[in-house]
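Reviewing the structure listed below.
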Amino acid sequence: MNIYQEHILDHYSNPRNKGQIDNPDIYYKDTNPLCGDEVAVYARLDRSKSISEIRFMARGCAISQASASMLTEHVKGKSLDEVYGISSEDMLRLLMVPISHVRMKCALLALKTLQAGILVHMKGKK
Ligand code: FES
């Protein structure tokens, strides 16, 4: 196994920020339509509207769980605009392994879920 695969397995076996947040400012749950796996994201914001706390719950493959874990570490302290601006390519770079076309939805599920939650939060504030 190479170091990149170990990076995925490490996050899969020891997920960072797994769990829930009571009364989160942002919550969203989504499903990978190809397999039915789910991820739910919870986030709390500080006064400057940056993510102060983030957690996730997920049922799915190693790639989807590891990407959720890596994403939560990556976005802590970032503003909502910054997180909303994270591209699919940015997410794939975080994973550090080449992702095949069929696994793309697994790799991007957590990012898309978090960004959907941010959108709902922003619409609710208008
Ligand atoms: Fe279901 Fe990867 S196989 S999220």
Side-chain angles (χ1 to χ4, degrees):
M1 193 183 339
N2 66 34
I3 189 166
Y4 303 114
Q5 290 164 324
E6 281 174 22
H7 180 58
I8 296 260
L9 271 184
D10 173 38
H11 276 267
Y12 176 59
S13 315
N14 306 295
R16 321 311 194 250
N17 306 306
K18 195 158 188 184
Q20 302 178 7
I21 295 175
D22 290 335
N23 301 315
D25 296 307
I26 291 174
Y27 166 77
Y28 204 82
K29 183 173 171 185
D30 208 354
T31 304
N32 180 346
L34 299 179
C35 62
D37 290 339
E38 293 176 343
V39 62
V41 178
Y42 308 76
R44 203 179 305 287
L45 305 176
D46 62 19
R47 283 165 185 240
S48 63
K49 295 282 170 200
S50 295
I51 293 181
S52 61
E53 193 184 354
I54 180 158
R55 297 198 179 274
F56 77 96
M57 294 293 287
R59 183 175 53 77
C61 64
I63 291 178
S64 70
Q65 307 251 344
S67 59
S69 171
M70 289 175 204
L71 180 69
T72 55
E73 283 206 310
H74 182 68
V75 300
K76 217 178 268 181
K78 288 193 165 46
S79 71
L80 294 186
D81 282 348
E82 282 175 307
V83 178
Y84 200 73
I86 296 174
S87 67
S88 302
E89 292 71 28
D90 296 332
M91 186 67 229
L92 295 177
R93 265 194 292 276
L94 278 183
L95 279 162
M96 299 199 318
V97 289
I99 300 292
S100 67
H101 184 67
V102 285
R103 306 311 297 278
M104 204 53 83
K105 281 215 157 51
C106 309
L108 300 178
L109 180 60
L111 176 65
K112 298 296 169 201
T113 303
L114 175 55
Q115 290 177 332
I118 290 173
L119 207 57
V120 169
H121 174 79
M122 285 173 162
K123 281 188 179 154
K125 296 289 163 198
K126 280 181 187 162

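Throughout, numbering of the chain's residues begins at 1 and tracks the sequence. Bear in mind the structure is a predicted one, so any value in this text is a computation, not a measurement.
In this structure, Gly36 and Arg59 approach most closely via the heavy-atom pair O-NH2, 3.1 Å. Residue Ile21 comes nearest to Pro24 through the heavy atom pair O-CD, 3.3 Å, listed as atom of the first residue, atom of the second, then distance. Here the closest non-hydrogen pair linking Gln20 and Arg55 is O-CD, 3.4 Å. Ala116 and Tyr28 get closest at one heavy-atom pair: CB-CE2, 3.5 Å. Of all the heavy atoms in Leu108 and Ser88, the pair that sits closest is CD1-OG, 3.7 Å. For the residue pair Ser67 and Met91, the shortest heavy atom distance occurs at O-CE, 3.4 Å.
Taking hydrophobic clusters as Ile, Leu, Val, Met, Phe, Trp and Tyr residues chained together by side-chain heavy-atom distances below 4.5 Å, Ile8 shares a cluster with Met104. Taking hydrophobic clusters as Ile, Leu, Val, Met, Phe, Trp and Tyr residues chained together by side-chain heavy-atom distances below 4.5 Å, Ile86 shares a cluster with Ile63. Under a hydrophobic-cluster definition in which Ile, Leu, Val, Met, Phe, Trp and Tyr are linked whenever side-chain heavy atoms come within less than 4.5 Å, directly or via other members, Met122 and Ile54 are assigned to the same cluster. Tyr42 and Val83 fall into different hydrophobic clusters, where Ile, Leu, Val, Met, Phe, Trp and Tyr residues are linked whenever their side-chain heavy atoms come under 4.5 Å apart, directly or through other members. Both Leu71 and Ile99 are part of a single hydrophobic cluster, where members link through side-chain heavy atoms under 4.5 Å apart.
Applying side chain to side chain contact (heavy atoms under 4.5 Å, CB included) to Ile26 and the options Val120, Val41, Leu80 leaves one that passes, Leu80.
Side-chain atoms of Asn32 and Cys106, non-hydrogen and from C-beta on, do get closer than 4.5 Å to each other. Between His7 and Met70, some side-chain heavy-atom pair lies under the 4.5 Å cut-off. Ile51 is listed as a side-chain neighbour of Leu45, based on a closest heavy-atom distance under 4.5 Å.
Rounding to the nearest 0.5 Å places NZ of Lys49 at 12.0 Å from CG of Asp81. Atom CG of Leu114 is separated from atom CG of Leu119 by 11.0 Å, given to the nearest 0.5 angstrom. Atom NZ of residue Lys18 and atom NE2 of residue His11 lie 13.5 Å apart, to the nearest 0.5 angstrom. In this structure, OH on Tyr27 lies 10.0 Å from OG1 on Thr113, to the nearest 0.5 angstrom. Distance check: Glu6 CD to Ser13 OG gives 10.5 Å after rounding to the nearest 0.5 Å.
One N or O on the side chain of Gln115 and one on the backbone of Tyr84 form a donor-acceptor pair closer than 3.5 Å. A side-chain donor-acceptor contact under 3.5 Å links Ser69 to the backbone of Arg16. Between the side chain of Ser50 and the main chain of Asp46, no donor-acceptor pair closer than 3.5 Å is present. A donor-acceptor pair under 3.5 Å is formed between the side chain of Gln5 and the backbone N or O of Asn2. Checking side-chain atoms of Gln65 against main-chain N and O of Ala58 turns up a donor-acceptor pair under 3.5 Å.
Other residues, nucleotides and ligands contribute more than 12 heavy atoms inside 6.0 Å of the NZ atom of Lys78. In Lys112, the NZ atom is crowded: over 12 heavy atoms of neighbouring residues, nucleotides or ligands sit closer than 6.0 Å.
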Problem - Candidate pair Asp90 and His74, rule side chain to side chain contact (heavy atoms under 4.5 Å, CB included), full reasoning - result: CA-CA 11 Å; Asp90 296 332; His74 182 68; 5.9 Å; no
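In this structure, Arg44 does not pair ionically with Asp22, as no charged nitrogen and carboxylate oxygen lie closer than 4.0 Å.
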